[in-house]
Structure formats: structure tokens, C-alpha cells
Amino acid sequence: TVSEAMGAVVGRDAANQGVDVLLAPGLNTKRSSLCGRSFEYYSEDPYLSGKLAAGFIRGAQKQGVSACAKHYAANAQELLRMHSDSVMDERTLREMYLTNFEIAIKEGKPGFVMTAYNRVNGVYANENRHLLGDILRGEWGFEGMVTTDWWTCGEHYKETKAGNDLKMGNGYPDRVKKAYDKGAISRSEMETSVKRILGLILKLD
């Protein structure tokens with residue numbers, strides 16, 4: 001497909017430059033033309049977005065790099081995106097905002113997924129166990145790495161417990177250590193993230 005060919009071109013360029021991970025594709029649903037990053041996304045149709053993203057991912061990863069599907073999930077605006085709350089019922093969430101990601105994950109099999117800045121039903125996407133644990137890893141069987149976007153508002157140890165593996169562009173190991181000392185996060189939860197991070201590094205090495 002055209003999207004797979006595009007992914008191959010971008011992936012090949014990245015590989016030639018020694019870049020292991022593409023921070024793409026962005027496949028959020030275009031709910032408003034006023035969204036500051038709609039130009040990056042594919043469509044207002046979740047099904048079409050998912051199919052195009054899956055093709056891009058396949059094309060890119062055939063070049064030996066990893067794609068990163070983003071921004072998971074329900075991110076449809078830029079203004080105050082670190083503080084906005086996408087409130088909706090489960091059916092709307094799944095049909096309008098998750099269908100695209102489900103297709104991209106199952107058919108494209110990206111190495112990475114990047115979480116969104118916004119809250120979803122009151123919980124930051126990067127701390128959202130329902131999105132990351134129940135759906136992404138549980139229902140869809142995603143086995144890759146999950147990373148936050150840059151400078152998220154979430155609490156590092158809560159992100160890790162929810163299913164995030166990497167905090168960009170700055171982690172807070174002191175807070176994680178304090179949470180561990182208090183019993184708020186377990187060693188096994190941290191080790192799970194470490195295994196996923198090292199697994200992808202070794203795969204791309």
C-alpha cells in the first residue's frame with residue numbers, strides 16, 4: 001500500500017541515520033480541524049486511520065527500526081492538552097478513539113506505543129490502567145514498550161504501575177524509590193518495565 005511504502009521510505013532514512021525508533025505514526029482521530037496537530041493524523045474515520053497506520057508501521061519496521069503509535073488515547077486538541085479531560089462513555093471511547101489503535105496494534109505490531117498528555121475520564125492516559133493494562137496489553141495482546149510523551153504531568157511510579165515502561169524526557173527515580181520504600185510499587189512491577197525496555201533494545205541492537 002501507499003502508506004506501507006511511505007513507512008518504508010521513512011524507516012530506511014531513519015536506519016541510515018542510526019535512528020532506532022520513529023516517533024510515528026500519529027493516528028489520533030481528527031475530531032476537529034482546530035486541533036493543532038490534525039495535519040499529522042490520517043482521518044476522521046477511525047477504521048481508515050487504523051489501516052493506514054498499520055501499513056506505515058509494517059513498512060517502517062521492515063527496515064529494522066521500531067515505529068511508535070501515538071498518542072494513546074482520545075487526544076483531539078492541543079490547547080491545554082496536559083490538563084484537558086476527555087470524558088465519554090465506554091462505547092464512544094472504543095468506537096471513536098480506540099478502533100484506530102486496535103487495528104494499528106493488531107495488524108502493524110509496533111514496537112512502541114506513546115501515551116497522550118490528556119486525562120481520559122478523569123485519569124491521565126499515562127496512568128490509566130484501563131487503557132494500558134486492561135485494553136492495550138490485556139485485550140489486544142500488545143507486548144512492546146509503552147512510553148509517555150515528553151514532560152507528562154503524571155506521577156512516575158503510578159505510570160509504571162499502570163503499564164508505562166519509560167518516562168520521557170525526564171524520569172523521577174527518587175520518587176519511584178520513595179514509593180517503593182512505602183510499598184506503593186513492587187519490585188516485580190518495576191522489573192516488568194525493565195524487561196520490556198531491555199527486550200526492545202536487544203531486538204533493535
Side-chain angles (χ1 to χ4, degrees), residues 1-33 35-78 81 93-118 120 125-126 131-132 135-150 163-166 168 196-205:
T1 64
V2 173
S3 61
E4 189 164 341
M6 181 183 295
V9 170
V10 177
R12 188 159 51 248
D13 284 349
N16 289 338
Q17 296 294 322
V19 174
D20 291 322
V21 180
L22 289 170
L23 297 181
L27 61 141
N28 291 100
T29 305
K30 290 186 178 184
R31 297 295 291 158
S32 170
S33 59
C35 176
R37 294 178 72 171
S38 283
F39 69 93
E40 293 183 47
Y41 306 144
Y42 291 109
S43 174
E44 68 281 3
D45 183 329
Y47 178 81
L48 180 58
S49 293
K51 287 292 187 178
L52 290 172
F56 182 95
I57 292 166
R58 288 193 300 268
Q61 295 192 156
K62 286 178 182 178
Q63 313 309 311
V65 300
S66 175
C68 179
K70 64 180 188 179
H71 304 87
Y72 184 74
N75 175 25
Q77 69 175 57
E78 284 298 289
R81 61 183 176 164
L93 174 66
R94 288 177 179 268
E95 291 184 1
M96 294 304 302
Y97 295 98
L98 296 186
T99 293
N100 44 356
F101 282 96
E102 181 176 8
I103 294 169
I105 297 300
K106 289 182 175 179
E107 297 184 9
K109 296 181 171 38
F112 267 85
V113 168
M114 180 186 288
T115 52
Y117 285 118
N118 53 282
V120 180
N126 41 295
L131 285 176
L132 300 177
I135 299 175
L136 179 65
R137 297 196 187 279
E139 294 181 22
W140 301 347
F142 179 68
E143 296 180 348
M145 250 186 76
V146 176
T147 179
T148 70
D149 208 331
W150 266 243
N164 254 295
D165 301 306
L166 185 65
M168 301 297 295
R196 287 194 286 246
I197 293 170
L198 292 178
L200 190 59
I201 290 172
L202 293 172
K203 182 178 180 180
L204 294 171
D205 188 17

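Considering every non-hydrogen atom in both Pro25 and Ile57, the closest pair reads CD-CG1, 3.7 Å. The two residues Gly111 and Ser66 have their closest heavy-atom pair at CA-OG, 3.3 Å. Residues Tyr41 and His71 share a closest heavy-atom pair of OH-ND1, 3.3 Å. The nearest pair of heavy atoms linking Leu132 to Leu136 is O-CB, 3.5 Å. Scanning both residues, Leu48 and Ser43, for their nearest heavy atoms gives CD2-OG, 3.6 Å. Nearest approach of Ala116 to Ala73, heavy atoms of both residues: CB-N, 3.8 Å.
Arg137 places a side-chain N or O within donor-acceptor distance of the main-chain N or O of Gly144, the cut-off being under 3.5 Å. Formation of a donor-acceptor pair under 3.5 Å by the Tyr72 side chain with backbone atoms of Leu131 is found in this model. Of the possible donor and acceptor atoms, none in the side chain of Asp45 sits under 3.5 Å from a partner among the backbone N and O of Gly50. Put simply, the side chain of Asn75 never gets that close to the backbone of Asn28: no donor and acceptor are under 3.5 Å apart.
Side-chain contact between Thr147 and Phe112 is present, with at least one heavy-atom pair separated by less than 4.5 Å. A 4.5 Å side-chain heavy-atom check between Leu23 and Lys70 finds at least one atom pair inside the cut-off. Between Leu27 and Phe101, the closest side-chain pair of non-hydrogen atoms falls below 4.5 Å. Inter-residue side-chain proximity for Trp140 and Val113 is flagged as unmet; no heavy-atom pair is nearer than 4.5 Å. The closest side-chain heavy-atom distance from Pro46 to Met96 is below 4.5 Å. Side-chain contact between Tyr97 and Arg31 is present, with heavy atoms from C-beta onward closer than 4.5 Å. Contact check for Ile105 versus Pro110: side-chain heavy atoms found under the 4.5 Å cut-off.
Taken to the nearest 0.5 Å, the CD1 atom of Ile197 stands 5.5 Å off from the CG atom of Asp165. Remark: Leu52 CG to Thr1 OG1 distance equals 7.5 Å, nearest 0.5 Å. Remark: Leu200 CG to Leu198 CG distance equals 10.0 Å, nearest 0.5 Å. Distance check: Arg58 CZ to Ser3 OG gives 7.0 Å after rounding to the nearest 0.5 Å. Separation of atoms CE (Met114) and CG (Asn164) is listed at 10.0 Å; rounding is to 0.5 Å. Rounding to the nearest 0.5 angstrom, the gap separating the CZ atom in Arg196 from the CE atom in Met145 is 9.0 Å.
The residues Glu143 and Lys109 are annotated as not salt-bridged, no charged nitrogen and carboxylate oxygen being separated by less than 4.0 angstrom. Between Glu102 and Arg94 there is no salt bridge, since no side-chain N of the basic residue sits under 4.0 Å from a carboxylate O of the acidic one.
When the options Thr99, Asn100, Ile103 are evaluated for a side chain to side chain contact (heavy atoms under 4.5 Å, CB included) with Ser49, the one that passes is Asn100.
More than 12 heavy atoms of other shown residues, nucleotides or ligands fall within 6.0 angstrom of atom NZ in Lys106.
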